[in-house]
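Below: the structure, in C-alpha coordinates.
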2 protein chains.
Amino acid sequence: MAKLFAYLNNHNQPVRVADLAKALSAPRSSIYELVSVLSKEGLLEFCGEGNKVFFGKLMYVYGANFLSQNSILREGQLEVDRLALETHETFELCTLNQNRQAILYTRLGPRPMRIGSEIGSQFPLPWTASGRLLLSHMDEEAIDSLVLPEDYILPNGSVVDSGKFKNECRDALGAEIVVTQGLINTFTQCLAAPLKGSSGLIEATLCCVLPIDVDGDHKSFISAALKESASRLSRRT
Amino acid sequence: MAKLFAYLNNHNQPVRVADLAKALSAPRSSIYELVSVLSKEGLLEFCGEGNKVFFGKLMYVYGANFLSQNSILREGQLEVDRLALETHETFELCTLNQNRQAILYTRLGPRPMRIGSEIGSQFPLPWTASGRLLLSHMDEEAIDSLVLPEDYILPNGSVVDSGKFKNECRDALGAEIVVTQGLINTFTQCLAAPLKGSSGLIEATLCCVLPIDVDGDHKSFISAALKESASRLSRRT
DNA sequence: CATAGTCGTCCAGTATACTGGACTTGTGTC
DNA sequence: GACACAAGTCCAGTATACTGGACGACTATG
(Lines give C-alpha, C1' and ligand atoms only; values in the text may rest on other atoms or scores of the structure.)
Protein backbone atom coordinates (compact mmCIF):
# COMPACT_ATOMS: atom_id res chain seq x y z
CA MET A 1 0.00 0.00 0.00
CA ALA A 2 2.74 2.42 0.95
CA LYS A 3 4.52 1.75 -2.34
CA LEU A 4 1.32 2.23 -4.29
CA PHE A 5 0.68 5.63 -2.70
CA ALA A 6 4.28 6.69 -3.24
CA TYR A 7 4.06 5.74 -6.90
CA LEU A 8 0.86 7.73 -7.42
CA ASN A 9 2.48 10.65 -5.60
CA ASN A 10 5.51 10.54 -7.88
CA HIS A 11 3.33 10.50 -10.97
CA ASN A 12 0.99 13.16 -9.68
CA GLN A 13 -1.75 12.04 -12.04
CA PRO A 14 -4.09 9.09 -12.54
CA VAL A 15 -2.37 5.80 -13.37
CA ARG A 16 -3.85 2.71 -15.00
CA VAL A 17 -4.19 -0.24 -12.67
CA ALA A 18 -2.28 -2.51 -15.04
CA ASP A 19 0.61 -0.02 -15.07
CA LEU A 20 0.60 0.06 -11.29
CA ALA A 21 1.08 -3.68 -11.18
CA LYS A 22 4.00 -3.47 -13.59
CA ALA A 23 5.64 -0.54 -11.87
CA LEU A 24 5.38 -2.07 -8.41
CA SER A 25 6.34 -5.48 -9.80
CA ALA A 26 3.53 -7.05 -7.84
CA PRO A 27 1.03 -9.66 -9.05
CA ARG A 28 -1.76 -8.06 -11.07
CA SER A 29 -4.39 -9.80 -9.00
CA SER A 30 -2.98 -8.33 -5.80
CA ILE A 31 -3.03 -4.81 -7.17
CA TYR A 32 -6.54 -5.13 -8.56
CA GLU A 33 -7.69 -6.38 -5.20
CA LEU A 34 -5.86 -3.70 -3.23
CA VAL A 35 -7.08 -0.91 -5.49
CA SER A 36 -10.61 -2.19 -5.23
CA VAL A 37 -10.49 -2.21 -1.44
CA LEU A 38 -8.89 1.23 -1.16
CA SER A 39 -11.31 2.75 -3.64
CA LYS A 40 -14.29 1.31 -1.76
CA GLU A 41 -12.90 3.09 1.28
CA GLY A 42 -12.49 6.34 -0.66
CA LEU A 43 -8.72 6.66 -0.30
CA LEU A 44 -8.37 6.01 -4.02
CA GLU A 45 -10.75 6.86 -6.85
CA PHE A 46 -11.26 5.64 -10.37
CA CYS A 47 -11.17 8.61 -12.66
CA GLY A 48 -11.53 9.35 -16.31
CA GLU A 49 -11.02 6.81 -19.05
CA GLY A 50 -9.21 3.50 -19.13
CA ASN A 51 -9.46 2.24 -15.57
CA LYS A 52 -7.16 4.85 -14.13
CA VAL A 53 -6.89 5.43 -10.39
CA PHE A 54 -5.67 8.27 -8.26
CA PHE A 55 -6.00 9.54 -4.72
CA GLY A 56 -9.59 9.88 -3.56
CA LYS A 57 -11.69 12.41 -1.74
CA LEU A 58 -11.07 10.89 1.66
CA MET A 59 -7.35 11.33 1.23
CA TYR A 60 -7.96 15.00 0.67
CA VAL A 61 -10.27 15.24 3.65
CA TYR A 62 -7.80 13.48 5.95
CA GLY A 63 -4.98 15.65 4.65
CA ALA A 64 -7.06 18.74 5.42
CA ASN A 65 -7.36 17.42 8.97
CA PHE A 66 -3.59 17.33 9.28
CA LEU A 67 -3.38 20.86 7.97
CA SER A 68 -5.95 22.12 10.47
CA GLN A 69 -3.91 20.66 13.35
CA ASN A 70 -0.61 21.99 12.17
CA SER A 71 -0.40 25.71 12.71
CA ILE A 72 3.17 25.98 11.44
CA LEU A 73 2.11 24.48 8.15
CA ARG A 74 -0.97 26.69 7.92
CA GLU A 75 0.89 29.91 8.66
CA GLY A 76 3.91 28.76 6.68
CA GLN A 77 1.79 28.44 3.53
CA LEU A 78 0.61 32.02 3.85
CA GLU A 79 4.18 33.15 4.41
CA VAL A 80 5.49 31.27 1.38
CA ASP A 81 2.77 32.89 -0.74
CA ARG A 82 3.59 36.32 0.60
CA LEU A 83 7.35 35.98 0.13
CA ALA A 84 6.98 34.63 -3.40
CA LEU A 85 4.61 37.45 -4.30
CA GLU A 86 6.86 40.15 -2.89
CA THR A 87 10.23 38.88 -4.11
CA HIS A 88 9.26 36.95 -7.28
CA GLU A 89 11.46 34.06 -6.15
CA THR A 90 10.58 30.42 -5.47
CA PHE A 91 9.91 29.54 -1.82
CA GLU A 92 9.23 26.20 -0.18
CA LEU A 93 8.02 24.89 3.13
CA CYS A 94 9.99 21.76 4.04
CA THR A 95 9.86 19.23 6.82
CA LEU A 96 11.45 16.00 7.99
CA ASN A 97 9.60 12.89 6.83
CA GLN A 98 11.31 9.68 7.92
CA ASN A 99 14.82 10.01 6.46
CA ARG A 100 13.83 12.47 3.77
CA GLN A 101 13.13 16.13 3.42
CA ALA A 102 9.56 16.54 2.18
CA ILE A 103 8.26 19.62 0.41
CA LEU A 104 4.91 20.39 1.98
CA TYR A 105 4.17 23.54 0.06
CA THR A 106 5.77 25.60 -2.65
CA ARG A 107 5.13 28.71 -4.67
CA LEU A 108 7.14 29.10 -7.84
CA GLY A 109 8.80 32.33 -8.80
CA PRO A 110 8.97 33.33 -12.47
CA ARG A 111 12.02 31.12 -13.06
CA PRO A 112 11.36 27.71 -11.54
CA MET A 113 14.50 25.69 -12.10
CA ARG A 114 14.87 23.17 -9.39
CA ILE A 115 14.20 19.55 -10.15
CA GLY A 116 11.03 18.09 -8.75
CA SER A 117 10.13 20.84 -6.35
CA GLU A 118 6.49 19.81 -6.35
CA ILE A 119 4.41 19.39 -3.26
CA GLY A 120 5.09 15.93 -1.93
CA SER A 121 8.47 15.45 -3.57
CA GLN A 122 11.15 14.22 -1.20
CA PHE A 123 14.93 14.52 -1.15
CA PRO A 124 17.79 12.90 0.74
CA LEU A 125 18.78 15.20 3.58
CA PRO A 126 22.41 15.81 2.49
CA TRP A 127 21.14 17.39 -0.73
CA THR A 128 19.64 20.48 0.88
CA ALA A 129 20.19 23.36 3.26
CA SER A 130 16.95 22.44 4.97
CA GLY A 131 18.31 18.96 5.61
CA ARG A 132 21.12 20.41 7.72
CA LEU A 133 18.68 22.42 9.80
CA LEU A 134 16.25 19.53 10.22
CA LEU A 135 19.03 17.30 11.61
CA SER A 136 20.75 19.98 13.67
CA HIS A 137 19.45 18.70 17.01
CA MET A 138 20.73 15.17 16.42
CA ASP A 139 24.09 13.72 17.42
CA GLU A 140 26.35 11.96 14.94
CA GLU A 141 25.09 8.56 15.88
CA ALA A 142 21.45 9.47 15.32
CA ILE A 143 22.30 10.99 11.95
CA ASP A 144 24.21 7.89 10.92
CA SER A 145 21.29 5.65 11.77
CA LEU A 146 18.88 7.87 9.84
CA VAL A 147 20.77 8.84 6.70
CA LEU A 148 21.53 5.98 4.33
CA PRO A 149 24.88 5.76 2.52
CA GLU A 150 23.21 6.28 -0.87
CA ASP A 151 21.64 9.51 0.38
CA TYR A 152 25.08 11.11 0.24
CA ILE A 153 25.26 10.62 -3.53
CA LEU A 154 24.17 13.78 -5.34
CA PRO A 155 22.17 13.75 -8.60
CA ASN A 156 25.36 14.40 -10.57
CA GLY A 157 27.03 11.34 -9.04
CA SER A 158 29.46 13.13 -6.74
CA VAL A 159 29.42 12.26 -3.06
CA VAL A 160 28.91 14.44 0.01
CA ASP A 161 31.43 13.67 2.75
CA SER A 162 29.45 12.34 5.70
CA GLY A 163 31.79 13.83 8.30
CA LYS A 164 31.56 17.25 6.71
CA PHE A 165 27.78 16.89 6.49
CA LYS A 166 27.47 16.08 10.19
CA ASN A 167 29.63 19.08 11.02
CA GLU A 168 27.36 21.28 8.93
CA CYS A 169 24.35 19.89 10.77
CA ARG A 170 25.97 20.73 14.12
CA ASP A 171 26.79 24.23 12.86
CA ALA A 172 23.16 24.67 11.78
CA LEU A 173 22.05 24.35 15.42
CA GLY A 174 20.91 27.80 16.44
CA ALA A 175 21.70 29.31 13.02
CA GLU A 176 19.22 31.80 11.67
CA ILE A 177 19.88 30.75 8.12
CA VAL A 178 21.76 28.02 6.26
CA VAL A 179 22.98 28.29 2.68
CA THR A 180 24.06 25.52 0.32
CA GLN A 181 25.30 25.94 -3.21
CA GLY A 182 25.43 23.61 -6.20
CA LEU A 183 24.26 20.44 -4.48
CA ILE A 184 21.16 19.40 -6.38
CA ASN A 185 22.44 21.14 -9.49
CA THR A 186 25.21 23.53 -10.40
CA PHE A 187 23.13 26.62 -11.12
CA THR A 188 21.10 27.08 -7.91
CA GLN A 189 21.69 27.86 -4.29
CA CYS A 190 19.35 27.18 -1.43
CA LEU A 191 18.69 29.49 1.55
CA ALA A 192 16.84 27.88 4.46
CA ALA A 193 15.57 29.29 7.77
CA PRO A 194 14.26 27.23 10.71
CA LEU A 195 10.66 27.25 11.95
CA LYS A 196 10.67 26.20 15.58
CA GLY A 197 7.75 24.68 17.47
CA SER A 198 6.82 25.43 21.07
CA SER A 199 9.34 22.84 22.24
CA GLY A 200 12.14 24.79 20.56
CA LEU A 201 12.71 21.97 18.10
CA ILE A 202 12.87 22.75 14.40
CA GLU A 203 9.59 21.50 12.97
CA ALA A 204 9.99 22.81 9.45
CA THR A 205 12.06 25.11 7.30
CA LEU A 206 11.31 28.01 5.04
CA CYS A 207 13.47 27.76 1.99
CA CYS A 208 14.27 29.91 -1.04
CA VAL A 209 15.82 28.66 -4.28
CA LEU A 210 17.98 31.25 -6.02
CA PRO A 211 20.17 31.22 -9.13
CA ILE A 212 23.81 30.77 -8.18
CA ASP A 213 24.81 34.06 -9.84
CA VAL A 214 22.18 36.31 -8.24
CA ASP A 215 23.62 39.66 -7.17
CA GLY A 216 24.70 40.11 -3.57
CA ASP A 217 22.21 42.82 -2.61
CA HIS A 218 19.25 40.78 -3.72
CA LYS A 219 20.55 37.72 -1.88
CA SER A 220 20.97 39.74 1.32
CA PHE A 221 17.46 41.05 0.93
CA ILE A 222 16.03 37.54 0.51
CA SER A 223 18.11 36.29 3.41
CA ALA A 224 16.82 39.04 5.70
CA ALA A 225 13.23 38.42 4.63
CA LEU A 226 13.61 34.69 5.36
CA LYS A 227 15.08 35.33 8.80
CA GLU A 228 12.33 37.79 9.65
CA SER A 229 9.54 35.44 8.51
CA ALA A 230 11.05 32.43 10.23
CA SER A 231 11.50 34.15 13.56
CA ARG A 232 7.99 35.57 13.42
CA LEU A 233 6.47 32.15 12.70
CA SER A 234 8.50 30.29 15.31
CA ARG A 235 6.73 29.66 18.59
CA ARG A 236 8.05 31.50 21.63
CA THR A 237 8.96 29.19 24.48
CA MET B 1 -7.90 1.02 9.03
CA ALA B 2 -10.86 2.76 7.43
CA LYS B 3 -12.61 2.96 10.80
CA LEU B 4 -9.50 4.29 12.46
CA PHE B 5 -9.16 7.09 9.91
CA ALA B 6 -12.86 7.91 10.16
CA TYR B 7 -12.61 8.14 13.94
CA LEU B 8 -9.62 10.50 13.78
CA ASN B 9 -11.49 12.55 11.19
CA ASN B 10 -14.54 12.85 13.45
CA HIS B 11 -12.41 13.95 16.37
CA ASN B 12 -10.31 16.31 14.30
CA GLN B 13 -7.50 16.22 16.85
CA PRO B 14 -4.90 13.81 18.18
CA VAL B 15 -6.29 10.78 19.99
CA ARG B 16 -4.56 8.49 22.45
CA VAL B 17 -3.89 5.00 21.12
CA ALA B 18 -5.62 3.40 24.10
CA ASP B 19 -8.73 5.47 23.42
CA LEU B 20 -8.68 4.43 19.78
CA ALA B 21 -8.80 0.79 20.81
CA LYS B 22 -11.77 1.43 23.08
CA ALA B 23 -13.66 3.55 20.58
CA LEU B 24 -13.18 1.07 17.75
CA SER B 25 -13.85 -1.85 20.11
CA ALA B 26 -10.86 -3.64 18.67
CA PRO B 27 -8.15 -5.51 20.55
CA ARG B 28 -5.56 -3.12 21.95
CA SER B 29 -2.73 -5.14 20.50
CA SER B 30 -4.22 -4.85 17.01
CA ILE B 31 -4.55 -1.10 17.25
CA TYR B 32 -1.04 -0.63 18.65
CA GLU B 33 0.28 -2.74 15.80
CA LEU B 34 -1.75 -0.95 13.14
CA VAL B 35 -0.86 2.49 14.43
CA SER B 36 2.79 1.52 14.54
CA VAL B 37 2.73 0.37 10.91
CA LEU B 38 0.81 3.38 9.64
CA SER B 39 3.03 5.81 11.50
CA LYS B 40 6.16 4.17 10.10
CA GLU B 41 4.65 4.80 6.68
CA GLY B 42 3.90 8.42 7.55
CA LEU B 43 0.13 8.26 7.17
CA LEU B 44 -0.21 8.72 10.93
CA GLU B 45 2.03 10.62 13.32
CA PHE B 46 2.59 10.57 17.03
CA CYS B 47 2.20 14.06 18.32
CA GLY B 48 2.45 15.90 21.59
CA GLU B 49 2.14 14.26 24.99
CA GLY B 50 0.66 10.97 26.08
CA ASN B 51 1.06 8.72 23.06
CA LYS B 52 -1.46 10.56 20.93
CA VAL B 53 -1.71 9.96 17.19
CA PHE B 54 -3.18 11.90 14.32
CA PHE B 55 -2.91 12.06 10.55
CA GLY B 56 0.63 12.39 9.28
CA LYS B 57 2.50 14.44 6.74
CA LEU B 58 2.09 11.91 3.97
CA MET B 59 -1.66 12.09 4.32
CA TYR B 60 -1.43 15.80 3.73
CA VAL B 61 0.88 15.36 0.77
CA TYR B 62 -1.36 12.74 -0.85
CA GLY B 63 -4.40 14.92 -0.22
CA ALA B 64 -2.63 17.83 -1.91
CA ASN B 65 -2.14 15.52 -4.90
CA PHE B 66 -5.88 14.99 -5.11
CA LEU B 67 -6.45 18.71 -4.93
CA SER B 68 -3.99 19.39 -7.73
CA GLN B 69 -5.82 16.94 -10.00
CA ASN B 70 -9.27 18.26 -9.22
CA SER B 71 -9.81 21.62 -10.83
CA ILE B 72 -13.41 21.91 -9.66
CA LEU B 73 -12.27 21.55 -6.08
CA ARG B 74 -9.43 24.02 -6.54
CA GLU B 75 -11.57 26.68 -8.18
CA GLY B 76 -14.51 25.86 -5.92
CA GLN B 77 -12.43 26.69 -2.84
CA LEU B 78 -11.60 30.12 -4.20
CA GLU B 79 -15.25 30.67 -5.05
CA VAL B 80 -16.43 29.64 -1.57
CA ASP B 81 -13.94 32.07 -0.05
CA ARG B 82 -15.06 34.88 -2.34
CA LEU B 83 -18.78 34.29 -1.74
CA ALA B 84 -18.35 34.08 2.02
CA LEU B 85 -16.29 37.26 2.03
CA GLU B 86 -18.77 39.20 -0.08
CA THR B 87 -22.02 38.02 1.47
CA HIS B 88 -20.95 37.21 5.06
CA GLU B 89 -22.80 33.92 4.85
CA THR B 90 -21.57 30.33 5.27
CA PHE B 91 -20.74 28.50 2.03
CA GLU B 92 -19.70 24.91 1.44
CA LEU B 93 -18.29 22.82 -1.37
CA CYS B 94 -19.92 19.39 -1.29
CA THR B 95 -19.50 16.17 -3.20
CA LEU B 96 -20.72 12.60 -3.33
CA ASN B 97 -18.61 10.16 -1.33
CA GLN B 98 -19.96 6.62 -1.43
CA ASN B 99 -23.50 7.01 -0.11
CA ARG B 100 -22.83 10.25 1.74
CA GLN B 101 -22.52 13.88 0.98
CA ALA B 102 -19.03 15.01 2.03
CA ILE B 103 -18.07 18.57 2.81
CA LEU B 104 -14.78 19.20 1.04
CA TYR B 105 -14.39 22.83 1.93
CA THR B 106 -16.25 25.41 3.93
CA ARG B 107 -15.97 29.01 4.95
CA LEU B 108 -18.05 30.11 7.90
CA GLY B 109 -20.05 33.30 7.89
CA PRO B 110 -20.37 35.29 11.12
CA ARG B 111 -23.21 33.05 12.35
CA PRO B 112 -22.18 29.43 11.91
CA MET B 113 -25.12 27.39 13.06
CA ARG B 114 -25.21 24.15 11.23
CA ILE B 115 -24.20 20.99 12.98
CA GLY B 116 -20.87 19.51 12.02
CA SER B 117 -20.19 21.57 8.94
CA GLU B 118 -16.49 20.94 9.20
CA ILE B 119 -14.29 19.84 6.34
CA GLY B 120 -14.61 16.09 6.09
CA SER B 121 -17.95 15.76 7.83
CA GLN B 122 -20.44 13.63 5.96
CA PHE B 123 -24.24 13.50 5.85
CA PRO B 124 -26.87 11.14 4.53
CA LEU B 125 -28.05 12.39 1.15
CA PRO B 126 -31.73 12.92 2.05
CA TRP B 127 -30.71 15.49 4.66
CA THR B 128 -29.48 18.11 2.21
CA ALA B 129 -30.26 20.11 -0.91
CA SER B 130 -26.90 19.04 -2.31
CA GLY B 131 -27.90 15.42 -1.88
CA ARG B 132 -30.79 15.90 -4.30
CA LEU B 133 -28.52 17.43 -6.90
CA LEU B 134 -25.81 14.81 -6.48
CA LEU B 135 -28.33 12.00 -7.13
CA SER B 136 -30.26 13.78 -9.87
CA HIS B 137 -28.75 11.72 -12.68
CA MET B 138 -29.70 8.39 -11.09
CA ASP B 139 -32.87 6.39 -11.59
CA GLU B 140 -35.02 5.23 -8.68
CA GLU B 141 -33.41 1.82 -8.60
CA ALA B 142 -29.87 3.24 -8.34
CA ILE B 143 -30.95 5.59 -5.57
CA ASP B 144 -32.57 2.74 -3.66
CA SER B 145 -29.43 0.66 -3.83
CA LEU B 146 -27.28 3.57 -2.66
CA VAL B 147 -29.33 5.22 0.07
CA LEU B 148 -29.86 3.12 3.17
CA PRO B 149 -33.21 3.12 5.00
CA GLU B 150 -31.66 4.75 8.07
CA ASP B 151 -30.39 7.62 5.92
CA TYR B 152 -34.00 8.83 5.61
CA ILE B 153 -34.17 9.45 9.35
CA LEU B 154 -33.46 13.09 10.15
CA PRO B 155 -31.53 14.21 13.25
CA ASN B 156 -34.82 15.08 14.99
CA GLY B 157 -36.14 11.56 14.43
CA SER B 158 -38.70 12.34 11.74
CA VAL B 159 -38.48 10.45 8.46
CA VAL B 160 -38.14 11.70 4.88
CA ASP B 161 -40.49 9.90 2.51
CA SER B 162 -38.32 7.97 0.07
CA GLY B 163 -40.75 8.38 -2.85
CA LYS B 164 -40.89 12.12 -2.32
CA PHE B 165 -37.11 12.24 -2.05
CA LYS B 166 -36.64 10.41 -5.34
CA ASN B 167 -39.06 12.82 -7.01
CA GLU B 168 -37.07 15.75 -5.67
CA CYS B 169 -33.88 14.18 -7.05
CA ARG B 170 -35.51 13.85 -10.47
CA ASP B 171 -36.71 17.46 -10.29
CA ALA B 172 -33.16 18.54 -9.43
CA LEU B 173 -31.95 17.28 -12.81
CA GLY B 174 -31.13 20.38 -14.80
CA ALA B 175 -32.14 22.73 -11.99
CA GLU B 176 -29.94 25.76 -11.45
CA ILE B 177 -30.58 25.75 -7.74
CA VAL B 178 -32.21 23.49 -5.13
CA VAL B 179 -33.53 24.68 -1.77
CA THR B 180 -34.38 22.62 1.29
CA GLN B 181 -35.73 23.94 4.57
CA GLY B 182 -35.70 22.58 8.08
CA LEU B 183 -34.19 19.17 7.38
CA ILE B 184 -31.03 19.05 9.47
CA ASN B 185 -32.55 21.48 11.95
CA THR B 186 -35.56 23.74 12.14
CA PHE B 187 -33.80 27.08 11.90
CA THR B 188 -31.76 26.80 8.69
CA GLN B 189 -32.35 26.43 4.99
CA CYS B 190 -29.90 25.17 2.44
CA LEU B 191 -29.39 26.57 -1.08
CA ALA B 192 -27.34 24.38 -3.42
CA ALA B 193 -26.14 24.88 -7.01
CA PRO B 194 -24.58 22.20 -9.23
CA LEU B 195 -20.98 22.21 -10.46
CA LYS B 196 -20.78 20.14 -13.62
CA GLY B 197 -17.70 18.45 -15.00
CA SER B 198 -16.76 18.20 -18.65
CA SER B 199 -18.99 15.13 -19.00
CA GLY B 200 -22.01 17.19 -17.95
CA LEU B 201 -22.36 15.18 -14.77
CA ILE B 202 -22.68 16.99 -11.46
CA GLU B 203 -19.32 16.55 -9.75
CA ALA B 204 -19.92 18.78 -6.76
CA THR B 205 -22.25 21.39 -5.36
CA LEU B 206 -21.82 24.88 -4.08
CA CYS B 207 -24.03 25.32 -1.06
CA CYS B 208 -25.10 28.17 1.22
CA VAL B 209 -26.59 27.77 4.69
CA LEU B 210 -29.02 30.54 5.63
CA PRO B 211 -31.26 31.19 8.63
CA ILE B 212 -34.83 30.12 7.88
CA ASP B 213 -36.16 33.62 8.52
CA VAL B 214 -33.76 35.57 6.31
CA ASP B 215 -35.51 38.30 4.31
CA GLY B 216 -36.54 37.57 0.73
CA ASP B 217 -34.33 40.12 -0.98
CA HIS B 218 -31.19 38.79 0.64
CA LYS B 219 -32.14 35.23 -0.20
CA SER B 220 -32.70 36.17 -3.86
CA PHE B 221 -29.32 37.87 -3.89
CA ILE B 222 -27.57 34.80 -2.49
CA SER B 223 -29.44 32.56 -4.86
CA ALA B 224 -28.40 34.64 -7.88
CA ALA B 225 -24.78 34.72 -6.71
CA LEU B 226 -24.77 30.91 -6.31
CA LYS B 227 -26.24 30.38 -9.78
CA GLU B 228 -23.71 32.73 -11.32
CA SER B 229 -20.73 31.11 -9.57
CA ALA B 230 -21.90 27.59 -10.34
CA SER B 231 -22.45 28.21 -14.01
CA ARG B 232 -19.10 29.95 -14.32
CA LEU B 233 -17.27 27.06 -12.64
CA SER B 234 -19.05 24.34 -14.57
CA ARG B 235 -17.18 22.94 -17.55
CA ARG B 236 -18.64 23.66 -20.96
CA THR B 237 -19.30 20.52 -22.95
C1' DC C 1 2.55 2.08 51.02
C1' DA C 2 -0.88 -1.11 49.30
C1' DT C 3 -4.22 -1.54 45.77
C1' DA C 4 -6.99 -1.10 41.65
C1' DG C 5 -7.07 0.28 37.30
C1' DT C 6 -5.09 1.49 33.00
C1' DC C 7 -1.39 1.40 29.56
C1' DG C 8 1.69 -0.76 26.61
C1' DT C 9 4.26 -5.20 25.09
C1' DC C 10 4.73 -9.87 23.79
C1' DC C 11 3.50 -14.22 21.90
C1' DA C 12 1.33 -18.47 19.80
C1' DG C 13 -2.93 -19.67 17.24
C1' DT C 14 -5.89 -18.46 13.78
C1' DA C 15 -8.25 -15.94 10.17
C1' DT C 16 -7.62 -12.83 6.62
C1' DA C 17 -5.51 -11.09 2.61
C1' DC C 18 -1.89 -11.84 -0.77
C1' DT C 19 0.06 -14.80 -4.40
C1' DG C 20 0.57 -16.57 -8.99
C1' DG C 21 -1.30 -19.43 -12.31
C1' DA C 22 -5.26 -20.43 -15.40
C1' DC C 23 -8.88 -18.46 -17.59
C1' DT C 24 -12.01 -14.89 -19.92
C1' DT C 25 -12.59 -10.54 -21.90
C1' DG C 26 -11.13 -6.55 -24.34
C1' DT C 27 -8.23 -3.97 -27.81
C1' DG C 28 -5.43 -2.99 -31.57
C1' DT C 29 -3.28 -4.58 -36.06
C1' DC C 30 -2.93 -6.47 -40.53
C1' DG D 1 -12.39 -11.05 -39.49
C1' DA D 2 -8.53 -13.57 -37.59
C1' DC D 3 -4.85 -13.08 -34.71
C1' DA D 4 -1.80 -11.67 -30.94
C1' DC D 5 -1.25 -9.42 -26.88
C1' DA D 6 -2.71 -6.91 -22.99
C1' DA D 7 -6.28 -6.18 -19.44
C1' DG D 8 -9.05 -7.94 -16.05
C1' DT D 9 -11.24 -11.97 -13.20
C1' DC D 10 -11.23 -16.04 -10.49
C1' DC D 11 -9.60 -19.51 -7.39
C1' DA D 12 -6.96 -22.72 -4.21
C1' DG D 13 -2.68 -22.60 -1.45
C1' DT D 14 0.12 -20.07 1.44
C1' DA D 15 2.13 -16.32 4.10
C1' DT D 16 1.12 -12.34 6.54
C1' DA D 17 -1.25 -9.71 9.90
C1' DC D 18 -4.87 -9.75 13.37
C1' DT D 19 -6.52 -11.70 17.73
C1' DG D 20 -6.97 -12.02 22.64
C1' DG D 21 -4.93 -13.49 26.67
C1' DA D 22 -0.99 -13.12 29.88
C1' DC D 23 2.37 -10.20 31.71
C1' DG D 24 5.03 -6.12 33.62
C1' DA D 25 5.09 -0.98 34.09
C1' DC D 26 3.00 2.97 35.28
C1' DT D 27 -0.46 6.09 37.68
C1' DA D 28 -3.98 7.64 40.66
C1' DT D 29 -6.32 6.92 45.18
C1' DG D 30 -7.25 6.02 49.91
Side-chain angles (χ1 to χ4, degrees), chain A residues 1-59 62 69 97-99 142 145-146 199 201, chain B residues 1-59 62 65 69 97-99 142 145-146 198-199 201:
Chain A
M1 189 185 68
K3 281 184 186 175
L4 195 159
F5 288 159
Y7 184 83
L8 288 180
N9 182 42
N10 285 338
H11 273 64
N12 203 38
Q13 56 179 308
V15 176
R16 290 187 313 144
V17 183
D19 292 341
L20 271 176
K22 278 180 204 157
L24 304 176
S25 58
R28 284 198 318 264
S29 52
S30 307
I31 299 298
Y32 279 102
E33 174 66 17
L34 180 59
V35 164
S36 141
V37 168
L38 291 174
S39 67
K40 277 205 190 76
E41 288 176 4
L43 293 174
L44 295 183
E45 256 173 46
F46 286 90
C47 42
E49 300 299 300
N51 212 13
K52 287 185 174 183
V53 286
F54 201 57
F55 295 114
K57 293 178 188 69
L58 270 193
M59 201 65 100
Y62 294 158
Q69 277 300 305
N97 185 221
Q98 321 281 99
N99 62 342
S145 67
L146 192 68
S199 65
L201 257 171
Chain B
M1 190 185 66
K3 280 184 188 175
L4 195 159
F5 288 159
Y7 183 83
L8 288 180
N9 182 41
N10 286 337
H11 272 65
N12 204 38
Q13 57 179 309
V15 176
R16 290 187 315 144
V17 183
D19 291 341
L20 270 175
K22 277 182 204 156
L24 304 176
S25 57
R28 277 184 326 204
S29 53
S30 307
I31 298 297
Y32 278 103
E33 174 66 16
L34 180 59
V35 164
S36 142
V37 168
L38 291 173
S39 67
K40 277 205 190 78
E41 288 177 4
L43 294 173
L44 295 184
E45 255 171 47
F46 286 89
C47 42
E49 300 299 300
N51 212 13
K52 288 186 174 182
V53 286
F54 200 58
F55 295 115
K57 292 178 189 68
L58 270 194
M59 200 66 100
Y62 294 159
N65 267 282
Q69 277 299 307
N97 187 220
Q98 322 280 100
N99 63 343
S145 69
L146 192 69
S198 48
S199 65
L201 257 172

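Computed from a prediction, not measured in an experiment: that's the story for all the values here. Here is the naming used below: chain letters follow the sequence lines, and residue numbers restart at 1 for every chain.
- We find that CG of A:L34 is positioned 16 Å from P of D:dT16, with the value rounded to whole Å.
- Among the nucleotides C:dC18, C:dG20, C:dG8, the one closest to the side chain of B:A18 is C:dG8.
- The side chain of B:S29 has C:dC10 as its nearest neighbour among C:dG20, C:dC10, D:dA7.
- Taking atom CD1 of B:I31 as the reference point, atom P of D:dT19 lies 7 Å away to the nearest angstrom.
- Rounded to an integer number of Å, the gap from NZ of B:K52 to C1' of C:dC7 is 15 Å.
- Checking the phosphate oxygens (OP1, OP2) of C:dT6, no side-chain nitrogen or oxygen of B:K22 falls inside 4.0 Å.
- The side chain of A:Y32 sits closest to D:dG8 out of D:dG8, C:dC7, D:dT19.
- Rounded to an integer number of Å, the gap from CG of B:L20 to P of D:dC18 is 15 Å.
- Closest to the side chain of B:E33, from the set D:dA7, D:dC18, D:dG20, is D:dC18.
- The main-chain N or O of A:K57 is found under 3.5 Å from a side-chain atom of A:E45 such that the two form a donor-acceptor pair.
- Formation of a donor-acceptor pair under 3.5 Å by the A:S25 side chain with backbone atoms of A:K22 is not found in this model.
- Each of C:dC7, D:dG20, D:dA7 was ranked by its minimum atom distance to the side chain of A:R16; first place goes to D:dA7.
- Contact check, A:N51 against D:dG8: a side-chain N or O comes under 4.0 Å of OP1 or OP2.
- The shortest distance between side-chain heavy atoms of B:L8 and B:L44 falls below 4.5 Å.
- By the 30° and 60° cut-offs, the orientation of the rings of B:F55 relative to A:Y62 is parallel.
- In the set C:dG8, D:dC18, D:dG8, C:dG8 carries the atom at the smallest distance from any side-chain atom of B:R28.
- Atom CG in B:L4 sits roughly 17 Å away from atom P in D:dA17 (whole-Å rounding).
- Between A:L24 atom CG and C:dC18 atom P there is a gap of 13 Å when expressed in whole angstrom units.
- The backbone N or O of A:P14 lies less than 3.5 Å from no partner atom in the side chain of B:Q69, so there is not a single donor-acceptor pair.
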